[in-house]
Amino acid sequence: MVRCRFAPSPTGNLHVGGVRTALFNWLFAKNQNGSFVLRIEDTDTERSEKRFEDQILSSMKWCGLNWSEGPDIGGEYGPYRQSERVALGFYDKYAQELVERGQAYYAVYKKSNQEEVLRTSTETPDISGDEVCTIKFRIPKGKTEFSDLSKGEMSFENENFSDFIIIKSNGFPTYNFAVVVDDHMMDITHVFRGEDHLTNTPRQIMIYRALDWEPPTFMHIPLILGSDRAPLSKRHGHTSVDHFREEGYLSVGLMNYLALLGWTVDQEIFDYHEKIKDFIPSDISNKGVVFDYEKLEWINGKHLRLLDPEELIIQFGLWLKFTGRFDYYASIESDQFYSREVLTMCREKINTLEQLFDFSAPFFSDELDYQEDYVLKYLRSNWSKDLISAAIRRFEDSFDWSVEGVEKTVRELADEKITSKKNTFQTLRGGVTGRLVTPGLFETISVLGRDKVLERLENLLEMIEYEERNLSD
RNA sequence: GGCCCCAUAGGAUAACGGCUAGUCCACCGGAUUCUCAGUCCGAAGGUCGGGGUUCGAUUCCCCGUGGGGCUGCCA
């Protein structure tokens, strides 16, 4: 039975590197019909915060990376929070065992100088009030070897390592110790993690050996880098999953991009749930990969255009609520049929839900925000009044509001040659939307419908006349 | 400093040791057209350097160079 885990530390939001690691663990677990476990590594008492844990879990759920055991749902290998495992004495027990086997020892320091070890012992030392005590692992002689699914055969001379702390002076285990104890106790069979852990692995394997435990299979995944090839961080741009969610990326799009980063598949656009059967760890590139915001956006746009119209409304609605735009959400909900028409039309030209929000705004609000360029270039022209008046007359007489019908009306209007064809189109476009960049004009007018179009054009006419009066005064 | 990982166009990748080094994003040009986008067609751009093995090296080996990681009572 294959068991994989994702073990984030709750010291910040879930970032794209983390999800990618989680994704590969998840894919492998599913591919092998195994389990995917979530464990919280909160042994850093200074930086760990519950709110980060909550955020990580929520981000994971949004990504669709469901776990079968975890801190929120428990499981037979629990608890799944290292702080709770400390309380149960798991780490102490095995640290003691290492001391008894002569493979670890106590080290006493002065509180004021924690650089210098005062004395060591194999018995619990008596310490005075100004001293603290840790347990350190003794590096054995020889060499440590293991086979990494990505990097191949790895070999390290143990003499290159020095004894390291496994139990801190506050009684908590250090990462390198806790991870071994937990992965062993939880029967983890495969560990896929970031490449930054590659040289921690021999240390961990030494502990496995010292305790007569069998290490899991390791695979170290290359890091995600920024444009300067340094590991991706805030200074390269946004990195947290929540950010991409807020920006209007679909989780299926974000996951698609992350999966594609370093992994070649025949079909580039996919839902990762469909790729479970194709997941082979060795197919993943062993090279650091630069995060490409542009390709992510392109992929997201593809997914947005692939969604069923109903699903598009659902996703858009969820996003509006997530970002607190409840009024907008209410207007989407109030007329499903209309919303569907508008959104499927608008999505042809945008890549994110945020862009969809902006692009569709003129269709859901009657308070048009006329772009300055439009006012200057088209409204304040000597033909705008005549053109709008003529348009109103034609639309009043028109009973065919299909896209084809609207096209006929508009083309006939242009044929009157009140102004150029382009000016005619752009003036109408801005007149019904306030903007110069919109979906196709015929579709736009058709979808808005007779009432809105006439109302907007008449308002526009009033605006023009109002401006004229003001100018002549 | 020590140990370790990595190296194909700007980014991501493909190529049993064997065709003119293929594809996607971005970029550039063209077509379609009412704006923008999309779509279609086309162009430009690459095997880090030096040795070696071989009939033949992107591929295997060594050395350099460059980037990255670990070397924490962070994970």
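Note on naming: letters A, B, ... go to the chains in the order of the sequence lines (proteins, then strands), and numbering restarts at 1 for each one.
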Inset, instruction - Kindly say whether the aromatic ring centers of A:Y257 and A:H303 come within a distance under 6.0 Å. - result: no

Inset, instruction - Any ring-ring contact (aromatic ring centres under 6.0 Å, His included) involving residues 401-441 of chain A? Give me the pairs, sequence neighbours left out, ordered by first then second residue. - result: A:F395-A:W401, A:F425-A:F442

Inset, instruction - Give every residue pair that meets the salt bridge (Lys or Arg N to Asp or Glu O under 4.0 Å) criterion with at least one member in residues 39-49 of chain A, sequence neighbours excluded. - result: A:R39-A:E41, A:R39-A:D182, A:R39-A:D183, A:D44-A:R47, A:E49-A:R51

Inset, instruction - Report, as a single string ordered 5' to 3', how protein heavy atoms within less than 4.0 Å touch nucleotides 36-44 of chain B: B base, S sugar-phosphate only, - not at all. - result: BBSS-----

Legend entry - Separation of atom CD1 in A:I299 from atom P in B:C24, rounded to whole Å: 13 Å

Inset, instruction - Taking side-chain hydrogen bond (donor to acceptor under 3.5 Å, both in side chains) as the test, write out the residues that go with A:R380, two or more places apart. - result: A:E467

Legend entry - Nucleotide pairing, RNA chain B (Watson-Crick or G-U, distances under 3.5 Å), in dot-bracket with [ ] and |: (((((((..((((....[...))))..(((((.....))))).....(((((..]....))))))))))))....

Inset, instruction - List in chain and number order the residues that pass side chain to side chain contact (heavy atoms under 4.5 Å, CB included) with A:S285, two or more places apart in sequence or in another chain; answer none if no residue qualifies. - result: A:K287

Inset, instruction - Rounded to the nearest angstrom, tell me the gap between atom CD in A:Q267 and atom C1' in B:U13. - result: 16 Å

Legend entry - Atom pair distance, as rounded to whole Å: OH in A:Y257 and C1' in B:G11: 8 Å

Inset, instruction - For each nucleotide in nucleotides 69-75 of chain B, reading 5' to 3', give B when a protein heavy atom comes within less than 4.0 Å of its base, S when such contact involves only the sugar-phosphate, and - otherwise. - result: BSS-BBB

Legend entry - Along RNA chain B (nearest heavy atom to each residue), the more 5'-positioned of A:F291 and A:N286: A:N286

Legend entry - Spacing of A:K143 atom NZ relative to B:C3 atom P, expressed in whole Å: 15 Å

Inset, instruction - Quickly work out the A:Y293 OH to B:C25 C1' distance and round it to whole Å. - result: 16 Å

Legend entry - Side-chain heavy-atom pair A:P173, A:K168 within 4.5 angstrom cut-off: no

Inset, instruction - Applying side chain to side chain contact (heavy atoms under 4.5 Å, CB included), name anything that partners A:S339, two or more places apart in sequence or on another chain. - result: A:I313, A:I332, A:F364

Which donor-acceptor pairs under 3.5 Å do the side chains of residues 129-137 of chain A make with protein atoms, sequence neighbours left out?
residue : atom : partner : partner atom : Å
A:D130  : OD1  : A:S128  : OG           : 2.8
A:E131  : OE1  : A:R119  : NH2          : 3.2
A:E131  : OE1  : A:S128  : N            : 3.1
A:E131  : OE1  : A:S128  : OG           : 3.3
A:E131  : OE2  : A:R119  : NH1          : 3.2
A:T134  : OG1  : A:Y109  : OH           : 3.4

Legend entry - Spacing between A:K295 atom NZ and B:G10 atom P, to the nearest angstrom: 16 Å

Legend entry - Spacing of A:L232 atom CG relative to B:G68 atom P, expressed in whole Å: 14 Å

Inset, instruction - Taking side chain to side chain contact (heavy atoms under 4.5 Å, CB included) as the test, write out the residues that go with A:K302, two or more places apart. - result: A:I269, A:W298

Inset, instruction - Choose from B:A26, B:C4, B:A12 the nucleotide whose nearest atom is closest to any side-chain atom of A:M154. - result: B:C4

Inset, instruction - Check the distance between B:G11's P and A:I224's CD1 and give it to me in whole angstrom. - result: 16 Å

Inset, instruction - Just jot down the side chain to side chain contact (heavy atoms under 4.5 Å, CB included) partners of A:D386, sequence neighbours excluded, or say none. - result: A:I418

Inset, instruction - Using a 4.0 Å heavy-atom cut-off across all strands, classify A:S285 as base, sugar-phosphate, or nothing. - result: sugar-phosphate

Inset, instruction - Please collect all salt bridge (Lys or Arg N to Asp or Glu O under 4.0 Å) contacts where either partner lies in residues 215-244 of chain A, sequence neighbours excluded, each pair once. - result: A:D228-A:R235

